[in-house]
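Below: one structure, written as structure tokens.
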Amino acid sequence: MTRPLDIAPVSEWGFFPQGQMPLLIAGPCSAESEMQVMMTARGLKQLGVNVFRAGIWKPRTHPGSFEGVGTPGLKWLQKVQKELGMKVCTEVASERHVFECVKHGIDMVWIGARTSANPFLMQEIADALRDTDMPVLIKNPVNPDIDLWVGALERINQAGIRKLGVIHRGFSTNEKILYRNEPGWQTAIELRSRYPQMVFFADPSHMGGDRKYLRELSQRALDLGLDGLMVESHCDPSCAMSDAKQQLTPEDLGKLVKELVVRKPSSDNQEYREGIDQLRAQIDVLDENLLFTLKSRMAVSEKIGRYKREHNVAIIQTSRWDNVLADMVEKGKAYGLGQKFIEAVFNAIHDESVAVQNDILADGKE
Ligand code: PEP
Ligand code: MN
């Protein structure tokens, strides 16, 4: 069930220059030294980036990896605020991190993918944020569970935080894929449609895991209508103490952003409006036809159910269904329809059909 969230639109936060599209948050994976922070921030400021990110406490897979400089690094972020007039943000994963950020006047915090997957930590962070006016961005949890993500948003929102947004960074997977994380864009689309008023960033750096994928993933995020990007940028990526492969210099980030094509949410152009209205009308008719076909198919399923009951035959004959599915996949291919899609659609139809037949069999027992 979707409970409404009480959200302040990002235009009211005063963080991003008016009209900036995509909204940009950039900075190193980790703050490493005052010099690295200042050099990177200066380069980004020149590009028109107004919101600087840097990890102070780093969640690392193995102990002994660089775990961030900790609280002393917050002073460097204060220097970025003071000298460059940028807003600064960092990741928090505990109550202590929140208190340190509040004490040091950090402008915004984000919650990482390992933390948003943990309701205890989310509640602890929410309680620590209560009575602050801190904007909070929540990354998707490492596992593709939209409810866990929604629950994290609800906890922070219920603590009175209205400047709330999300960052989609993809999901952990054991499968061998091109990217570091499985994009799972459909989860982002689903969340976007539940909370259309909430600012939505993509993090192509952690999704791709390599700077060579940044362009395609950033463009995909914009094509899907997301509002902004959080990108890792380092003044000298080859020397970065974490995530070296996926960071790029501010200069290269500038080139990348220039090449991105920004899509408009809609268009006032008369020809476009008429064209899209016609196409949508066609879709509406086809959807109604689909409904009618599904209803007719279910009616036949019911007849089959009664017929099986009369003859005392089990509901599922797996080999029959395997053959039907294989046949549909083959025919679907001829129509240019992908295997995954056909399997998902027909398995859903089959599941419902089995449920209908089960009900008929259960009725017969009474
Ligand atoms: C980060 O942004 O530096 C980070 C650790 O990201 P994630 O939580 O997406 O892994
Ligand atoms: Mn990183």
Side-chain angles (χ1 to χ4, degrees), residues 1-5 117 119 140-154 168 170-177 181-196 224-225 276-366:
M1 200 193 79
T2 302
R3 288 190 206 95
L5 296 175
N140 64 265
V142 275
N143 47 328
D145 180 343
I146 193 167
D147 288 324
L148 211 45
W149 201 1
V150 168
L153 286 163
E154 287 169 345
H168 183 64
F171 304 100
S172 289
T173 172
N174 280 332
E175 303 204 2
K176 222 181 143 20
I177 57 167
N181 287 294
E182 166 74 47
W185 291 111
Q186 68 284 2
T187 307
I189 295 166
E190 167 69 27
L191 195 76
R192 175 75 164 177
S193 63
R194 286 198 207 177
Y195 306 108
L224 291 173
I276 197 80
D277 286 349
Q278 273 182 24
L279 292 170
R280 285 182 174 154
Q282 286 176 29
I283 286 278
D284 290 347
V285 171
L286 290 168
D287 282 348
E288 278 169 28
N289 290 348
L290 273 177
L291 274 183
F292 182 77
T293 306
L294 287 172
K295 172 196 98 86
S296 310
R297 193 190 186 285
M298 272 325 148
V300 177
S301 279
E302 280 179 35
K303 277 190 193 156
I304 293 181
R306 279 191 216 101
Y307 203 59
K308 283 180 181 168
R309 189 179 67 192
E310 278 163 29
H311 292 83
N312 205 20
V313 170
I315 293 169
I316 303 183
Q317 281 85 42
T318 7
S319 61
R320 149 109 184 127
W321 179 244
D322 290 346
N323 290 339
V324 171
L325 194 58
D327 190 36
M328 286 301 122
V329 166
E330 215 38 55
K331 288 184 173 139
K333 268 187 204 155
Y335 289 134
L337 300 168
Q339 172 163 350
K340 259 194 173 163
F341 171 61
I342 294 293
E343 283 177 351
V345 169
F346 280 91
N347 277 325
I349 293 173
H350 185 239
D351 286 352
E352 183 63 14
S353 178
V354 169
V356 164
Q357 294 188 26
N358 249 327
D359 287 349
I360 289 170
L361 209 62
D363 281 352
K365 279 187 196 135
E366 279 157 16

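In what follows, residues are counted from 1 in the order of the sequence shown.
- A distance-only check finds a donor-acceptor pair linking the side chain of K308 to the backbone of I315 [under 3.5 Å].
- Residue pairs satisfying the side chain to side chain donor-acceptor pair (under 3.5 Å) criterion with at least one member in residues 323-332, sequence neighbours excluded, are listed as follows: D327-K331.
- The shortest non-hydrogen separation linking G184 to F171 is O-CE1, 3.8 Å.
- Within the 4.5 Å cutoff, the side chain of E182 has no heavy atoms near those of the E175 side chain.
- Taking 4.5 Å as the limit, some side-chain heavy atom of L153 sits within range of a side-chain heavy atom of L5.
- Annotation: the span from L294 atom CG to S353 atom OG amounts to 11.0 Å, rounded to 0.5 Å.
- Residues passing the ring-ring contact (aromatic ring centres under 6.0 Å, His included) test with F341, sequence neighbours excluded: none.
- The ring-ring contact (aromatic ring centres under 6.0 Å, His included) check on F346 picks up nothing, with sequence neighbours excluded.
- I283 is not listed as a side-chain neighbour of L279, based on a closest heavy-atom distance of 4.5 Å or more.
- Taken to the nearest 0.5 Å, the CG atom of L291 stands 11.5 Å off from the CG atom of L286.
- Rounded to the nearest 0.5 Å, atoms NE2 (H350) and CD (Q357) are 7.5 Å apart.
- Atom-to-atom distance recorded for W321:CH2 and M328:CE is 8.0 Å, nearest 0.5 angstrom.
- Identified under the salt bridge (charged side-chain N to carboxylate O under 4.0 Å, His left out) test for residues 281-307, with sequence neighbours left out: E302-R306.
- A donor-acceptor pair is defined here as one N or O able to donate and one able to accept, closer than 3.5 Å; such a pair exists between the side chain of R309 and the backbone of I360.
- Side chain of H168 to backbone of P183: a donor-acceptor contact under 3.5 angstrom is found.
- For the pair T187 and I146, the tightest heavy-atom approach, listed with the atom from each and the gap, is O-CD1, 3.9 Å.
- Every residue meeting the salt bridge (Lys or Arg N to Asp or Glu O under 4.0 Å) condition with E190, not counting sequence neighbours, appears here in chain and number order: R194.
- Applying the salt bridge (Lys or Arg N to Asp or Glu O under 4.0 Å) criterion to D145, with sequence neighbours excluded, gives no partner residue.
- Minimum interatomic distance between P141 and L148 (heavy atoms only, all atoms of both residues): CG-CB, 3.9 Å.
- For N312, the CG atom is loosely surrounded, since the number of other residues' heavy atoms within 6.0 Å does not exceed 12.
- For the pair V324 and R320, the minimum side-chain heavy-atom distance is below 4.5 Å.
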